[in-house]
Amino acid sequence: MATFGNLTDRLSAAFKNLRGKGKLSPADVDGTVREIRRALLEADVNLEVVKEFTGRVRERALSDEVSKALNPAQQVVQIVNEELVTILGGQQRRLEFAKTPPTIIMLAGLQGAGKTTLAGKLAKWLAADNHTPLLVAADLQRPNAVTQLQIVGEQAGVAVYAPEPGSVGEEPKKGIFGKSQGDPVKVAKDSIKFARDKQYDVVIIDTAGRLGVDAELMKQAGDIRRAVDPDEVLFVLDAMIGQDAVTTAKAFQEGVDFTGVVLSKLDGDARGGAALSVASVTGRPILFASTGETLDDFEPFYPDRMASRILDLGDILSLIETAQKNFDEEEARKTAEKFATDSFTLEDFLAQMQQLKNMGSIKNMLGMLPGARGMKQQLENFDESEIGRTEAIIQSMTLKERRMPKLLNGSRRLRIAKGSGTTVTEVNSLVNRFEQASKMMKTVAKGGVPNVPGMGPIPGARFGKAKAQAKKGSKSGNPAKRAAENAALAAGAAARPASAAGSGFGLGGGGNAPTPNPEDLAAMQKLLGGRG
């Protein structure tokens with residue numbers, strides 16, 4: 001996430017000075033804490049939060065838990081990680097659903113925070129979890145807000161309750177709710193009855209916002225809350241507004257109160273102080289984070305995972321969950337078996353590419369890997385449109401060409417290049433990469449270790465040398481000893497378990513045609529697919 005990019009860099013620089021030190025002096029700790037303080041203030045974190053955070057870090061860093069540690073530098077990083085988790089809210093909290101449907105969720109926040117789009121994201125996320133959400137257009141003041149919600153609802157594949165057209169084309173006069181705007185409180189109240197009649201189990205109410213906090217905004221939000229008695233009131237906060245986030249959050253808490261926070265625009269290029277301040281200042285948990293522009297760029301907020309991302313420790317759990325959600329188990333197993341039998345084709349490769357696209361931004365996924373900030377330049381230069389060009393090239397081939405790439409002679413490649421809007425060089429490059437990848441995956445599927453260009457010998461990998469020794473047998477000059485050693489070698493080979501040869505990935509080995517474990521291959525294929 002770009003929001004914490006600068007903060008991650010500053011914190012990494014602060015920890016560099018601690019590396020290689022067997023024991024930390026108070027001066028070392030004070031210097032590091034000072035750098036952490038500067039990094040947080042630059043990220044626009046609330047001053048009181050910074051003071052409390054750095055005070056706890058300093059106290060713990062000077063304690064016995066660090067002075068007696070084998071690696072004091074790592075211990076300090078661990079302390080900072082734990083304290084970051086604390087100010088981000090500690091434990092992750094899930095949505096609380098009503099015992100008797102429908103569950104009512106009210107969205108509140110300033111205009112421009114992204115409430116309407118976020119309503120669609122939340123609805124789509126709930127629908128994927130087997131709920132039947134209903135979006136309610138209770139923002140009757142912002143021009144075309146009702147129309148926008150209807151479009152978002154259609155994109156998310158969920159129903160929208162919009163009995164009033166709302167304001168169209170121009171800003172309404174302040175304080176006036178004429179026929180053209182309708183009564184948002186009545187719309188919200190009527191939507192609950194509609195949801196019960198039509199058996200929707202979640203109601204998401206999109207309310208009006210303002211450019212700033214004012215009494216009218218708070219009154220309308222308060223009236224809607226009293227009318228519908230929501231199970232959750234989610235305050236939608238723009239993660240890019242810095243220190244103003246704290247002021248706005250406090251105002252909404254005093255005027256309307258809310259049960260949780262949703263951070264929008266967390267993929268922005270801002271300093272991210274809102275996310276690090278709001279949970280501590282309001283005492284309300286962050287429930288969700290909006291991480292991009294599409295309706296799928298939405299995820300539950302985990303304080304521990306976010307802290308790991310900020311410290312560049314990676315977020316492998318989220319990466320695995322994304323892969324599990326988007327990769328079909330049965331298809332992955334079939335693909336793995338094709339690797340083992342050397343029947344993997346460009347047609348299968350295209351299907352894998354399309355599944356990979358469903359996982360969202362490749363850059364975001366790579367950013368979840370530990371040490372991703374060290375690949376900052378490579379990530380910035382990563383061209384996600386390359387996947388689209390690869391798809392176009394394969395789709396320009398005939399079915400026979402996809403299944404038998406050896407048919408691709410010069411004239412066919414020229415035709416494919418013209419059909420896909422690419423060059424012959426790009427077509428050649430794709431075919432060459434595919435052939436290399438197929439060879440590598442076939443080797444891995446059979447329990448071997450692939451020869452990766454630029455990579456030296458892999459420790460513990462014993463293949464050709466052991467086989468040669470087995471063929472040659474004992475070299476002893478004593479005939480009796482030689483016969484005994486050869487007999488022992490033969491007995492050992494016979495008794496050796498099938499997985500002993502080339503079992504680095506837990507696959508079957510031993511023999512010329514090992515039988516792969518489909519589950520292991522499927523898991524490996526998921527991992528390789530997730531890496532893109």
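For clarity, every value in this text was computed on a predicted model and none was experimentally measured.
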Test item: [X] and [Y] side chains (from C-beta on) under 4.5 Å apart, heavy atoms:
X: Leu11; Y: Ile36; answer: yes
X: Phe15; Y: Val80; answer: yes
X: Val261; Y: Leu287; answer: no
X: Met397; Y: Arg412; answer: no
X: Val146; Y: Pro165; answer: no
X: Val152; Y: Leu295; answer: yes
X: Glu401; Y: Ile416; answer: yes
X: Thr103; Y: Asp201; answer: no

Problem - Expected output: side-chain Ser308 to main-chain Asp304 donor-acceptor under 3.5 Å - result: yes
Handout entry: Under 3.5 Å donor-acceptor, Glu426 side chain and Thr423 backbone
Key = yes
Does the side chain of [X] come under 3.5 Å of the side chain of [Y] through a donor N or O and an acceptor N or O?
X: Ser429; Y: Asn432; answer: no
X: Arg415; Y: Ser411; answer: no
X: Asp238; Y: Ser264; answer: no
X: Asp206; Y: Thr116; answer: yes
X: Gln78; Y: Glu82; answer: yes
X: Lys265; Y: Ser290; answer: no
X: Gln92; Y: Arg305; answer: no

Separation between [atom1] of [X] and [atom2] of [Y], rounded to the nearest 0.5 Å:
X: Thr398; Y: Leu407; atom1: OG1; atom2: CG; result: 7.5 Å
X: Asn144; Y: Gln150; atom1: CG; atom2: CD; result: 10.5 Å
X: Leu399; Y: Met404; atom1: CG; atom2: CE; result: 11.5 Å
X: Ile105; Y: Ile205; atom1: CD1; atom2: CD1; result: 9.5 Å
X: Phe288; Y: Leu118; atom1: CZ; atom2: CG; result: 9.0 Å
X: Leu149; Y: Arg142; atom1: CG; atom2: CZ; result: 9.0 Å

Exercise for the section: Start with the C-alpha distance between Val431 and Leu408, add both sets of side-chain angles, then the distance that settles side-chain contact (heavy atoms from CB on, under 4.5 Å), and finish with yes or no. Expected result: CA-CA 9 Å; Val431 174; Leu408 296 173; 3.8 Å; yes
Exercise for the section: Start with the C-alpha distance between Ile394 and Leu430, add both sets of side-chain angles, then the distance that settles side-chain contact (heavy atoms from CB on, under 4.5 Å), and finish with yes or no. Expected result: CA-CA 9 Å; Ile394 299 176; Leu430 169 62; 3.9 Å; yes
What's the shortest heavy-atom distance between [X] and [Y], and which atoms?
X: Thr345; Y: Phe434; answer: C-CZ, 3.5 Å
X: Ala108; Y: Lys115; answer: C-CD, 3.6 Å
X: Pro285; Y: Arg93; answer: CG-NE, 3.5 Å
X: Val158; Y: Pro133; answer: CG1-CG, 3.8 Å
X: Pro303; Y: Val85; answer: CB-O, 3.9 Å
X: Leu88; Y: Phe301; answer: O-CE2, 3.8 Å

Exercise for the section: Return yes when atom CD of Glu154 has more than 12 non-hydrogen atoms of other residues, nucleotides or ligands closer than 6.0 Å, and no otherwise. Expected result: no
Handout entry: Salt-bridge criterion met for Asp297 and Lys121 (N-O under 4.0 Å)
Key = no
Practice task
Dump the intermediate steps for side-chain contact (heavy atoms from CB on, under 4.5 Å) on Leu95 and Val202, then the final yes or no.
Solution key: CA-CA 11 Å; Leu95 277 175; Val202 180; over 6 Å; no
Practice task
Check whether the ring centres of Tyr200 and His131 lie less than 6.0 Å apart, and answer yes or no.
Solution key: no
Practice task
Decide yes or no on side-chain contact (heavy atoms from CB on, under 4.5 Å) for Val278 and Ile286, but give the supporting numbers first.
Solution key: CA-CA 8 Å; Val278 68; Ile286 303 171; 4.0 Å; yes
Practice task
For the pair Glu232 and Arg94, evaluate salt bridge (Lys or Arg N to Asp or Glu O under 4.0 Å) and give the outcome as yes or no after the intermediate values.
Solution key: CA-CA 11 Å; Glu232 295 274 15; Arg94 299 174 180 271; over 6 Å; no
